[in-house]
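Counting convention: from 1, in listed order, for ligands and their atoms alike.
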Amino acid sequence: MVRALMTTQHFQGRVALITGASSGIGRAAALAYAARGAHVVLAARRESALRDAAREVEALGVRALPVRCDVTSEEDVARLISETRDAFGGLDFLVNNAGLGLYGPVEGFSEAQLRQVFEINFFGLVRVTRAALPLLRARAPGSQVLNVSSVLGHRGLPLLGGYGASKAAVNLLTESLRAELAAEGIRVLLVSPGLTETEFRDARLNAEGWRQDAIPLNAMSAEAVAQALVRASHRERRETVLTLPGRAMVLANRLVPGLFDRVARRIANPARKP
Ligand SMILES: NC(=O)c1ccc[n+]([C@@H]2O[C@H](COP(=O)([O-])OP(=O)(O)OC[C@H]3O[C@@H](n4cnc5c(N)ncnc54)[C@H](OP(=O)(O)O)[C@@H]3O)[C@@H](O)[C@H]2O)c1
């Protein structure tokens with residue numbers, strides 16, 4: 001009870017901007033911040049899905065600002081930030097969540113597919129973060145950037161190298177940015193979900209001829225990831241790796257990377273082109 005009250009105080013009346021808020025983890029995060037009293041700016045490309053999410057946010061008694069924004073567009077991002085400034089004057093939490101997957105072997109995906117994934121997952125994140133810095137500075141100390149990575153950004157697995165590489169780039173950039181902004185009191189946090197049940201698999205790019213893999217049963221819910229995000233935000237946790245298998249993988253890779261290479265090879269062997 002006391003903890004719930006403290007959590008709410010941390011978010012009450014503050015402003016969260018969430019990219020990729022039209023579905024999955026982003027949409028659940030918008031509702032999780034709103035449930036704790038934060039106003040929410042929701043950004044993504046699908047306007048009707050954004051409006052639906054915004055209505056749900058408003059039903060929780062806070063303000064919602066849906067903004068159509070493709071993070072690959074400099075112009076869209078500039079408009080996102082100026083609309084946020086006009087509506088709220090500043091920004092307390094920037095949640096860089098918009099993302100796209102890529103499935104297939106390094107030999108199989110095209111350079112265009114790889115560039116598209118980096119354009120959204122990495123360059124989009126950099127673009128939004130740079131543009132948002134003046135608004136985050138307006139609320140410092142205490143404002144935050146939360147970057148949504150993946151357990152696959154910590155360890156390469158077969159058929160997921162292109163996607164994992166885009167998230168590994170996010171991880172490294174996060175460390176640099178954390179150091180650069182520390183003196184101003186802007187915290188930079190990394191949250192790395194494991195497998196999560198969302199539209200991610202339907203939306204992702206597939207190398208030609210590579211079929212969708214089977215949907216595993218042990219995926220997290222988007223709501224559980226959203227709760228982890230607000231928890232990380234409240235506790236200012238610099239790094240959160242989600243799911244027990246995800247944490248085990250990151251730890252095993254650190255302690256016994258050679259052994260983990262053998263495990264990864266086993267995963268690769270049965271993965272055949274259809
Ligand atoms: N699902 C998983 O298993 C999993 C695991 C680890 C990490 N993640 C990460 O979690 C984040 C959210 O993914 P999710 O699982 O919630 O998948 P999702 O349901 O497919 O959500 C992806 C979101 O990103 C938005 N988006 C995609 N391209 C965009 C662009 N160019 N500009 C603006 N928004 C864009 C989509 O909205 P529009 O299409 O409307 O633009 C959508 O709202 C991603 O960064 C993903 O890499 C997911």
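- The closest approach between Leu195 and ligand 1 falls below 4.0 Å for a heavy atom of the residue.
- Hydrophobic clustering (side-chain heavy atoms under 4.5 Å, transitive across Ile, Leu, Val, Met, Phe, Trp, Tyr) keeps Met249 apart from Leu259.
- Protein heavy atom in closest approach to atom 1 (N) of ligand 1: Thr196 O, 3.1 Å.
- The shortest side-chain heavy-atom distance between Val225 and Leu242 falls under the 4.5 Å cut-off.
- At least one N/O-N/O distance between Ile25 and ligand 1 falls below 3.5 Å.
- In this structure, Arg247 places its CZ atom where more than 12 heavy-atom neighbours from other residues, nucleotides or ligands lie under 6.0 Å away.
- The single protein non-hydrogen atom nearest to atom 47 (O) of ligand 1 is Tyr163 OH, 2.6 Å, given as residue, atom name and distance.
- Residue-to-ligand polar distances keep Ser150 apart from ligand 1: every N/O pair is separated by 3.5 Å or more.
- For ligand 1, the atoms lying closer than 4.0 Å to a non-hydrogen atom of Ile120 are 28 (N), 31 (N).
- For the pair Phe11 and His234, the minimum side-chain heavy-atom distance is below 4.5 Å.
- Near Gly99, the atoms of ligand 1 lying under 4.0 angstrom from a non-hydrogen atom of the residue are 22 (C), 24 (O), 27 (C), 44 (C), 45 (O).
- Counting atoms of ligand 1 from 1 in the listed order, those under 4.0 Å from a heavy atom of Ser23 are 18 (P), 19 (O), 21 (O), 42 (C), 43 (O).
- Closest to atom 25 (C) of ligand 1, if we only count protein heavy atoms, is Gly20 CA, 3.5 Å.
- Taking the six-membered ring wherever Trp is involved, the centroid distance between the rings of Phe200 and Tyr163 falls below 6.0 Å.
- Annotation: atom 28 (N) of ligand 1 to nearest protein heavy atom, Arg45 NH2, 3.2 Å.
- Residue contact check: Gly24 has heavy atoms under 4.0 Å from atoms 16 (O), 19 (O) of ligand 1.
- Nearest heavy-atom pair across Ala30 and Leu42 is CB-CD2, 3.7 Å.
- Heavy-atom separations between Lys167 and ligand 1 include at least one value shorter than 4.0 Å.
- A heavy-atom separation below 4.0 Å is found between Ser149 and ligand 1.
- The protein heavy-atom contact nearest to atom 6 (C) of ligand 1 is Pro193 O, 3.3 Å.
- Residue contact check for ligand 1: Gly194 places a non-hydrogen atom closer than 4.0 Å to it.
- With respect to Asp92, the side chain to side chain donor-acceptor pair (under 3.5 Å) criterion is satisfied by exactly one of Arg139, His39, His10: Arg139.
- Nearest-residue assignment for atom 26 (N) of ligand 1 (options Ala98, Gly153, Ala222, Ala226; heavy-atom criterion): Ala98.
- Note on ligand 1: Cys69 sits in its first shell, one or more heavy atoms being nearer than 4.0 Å.
- The shortest N or O to N or O distance between Asn97 and ligand 1 is under 3.5 Å.
- In terms of polar-atom proximity, defined here as any N/O pair under 3.5 Å, Ala43 makes no such contact with ligand 1.
- In this structure, Gln144 and Arg14 have side chains that are not in contact, with every pair of non-hydrogen atoms separated by 4.5 Å or more.
- The nearest heavy-atom contact from the protein to atom 13 (O) of ligand 1 is Phe200 CD1, 4.0 Å.
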Given ring-ring contact (aromatic ring centres under 6.0 Å, His included), test Tyr33 with Phe93 step by step and report yes or no.
CA-CA 10 Å; Tyr33 275 91; Phe93 310 103; 5.4 Å; yes

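- Taking both residues in full, the closest heavy atoms of Leu135 and Gly89 are given as CD2-O, 4.2 Å, listed atom of the first, atom of the second, then distance.
- Without hydrogens or angle criteria, Asn97 side chain to Gly20 main chain gives a donor-acceptor distance under 3.5 Å.
- For ligand 1 and Val148, the ligand atoms under 4.0 Å from any heavy atom of the residue are 9 (C), 10 (O), 11 (C).
- Side chain of Thr196 to main chain of Gly194: a donor-acceptor pair is present (N/O by atom type, distance under 3.5 Å, no hydrogens or angles).
- Residues Arg155 and Val250 form no side-chain contact, since every pair of their non-hydrogen atoms from C-beta on lies 4.5 Å or further apart.
- The shortest contact between atom 32 (N) of ligand 1 and any protein heavy atom is with Val71 N, 2.9 Å.
- Closest protein heavy atom to atom 15 (O) of ligand 1: Thr198 OG1, 2.6 Å.
- Ligand 1 lies less than 4.0 angstrom from a heavy atom belonging to Asp70.
- Checking side-chain atoms of Asn171 against main-chain N and O of Gly153 turns up a donor-acceptor pair under 3.5 Å.
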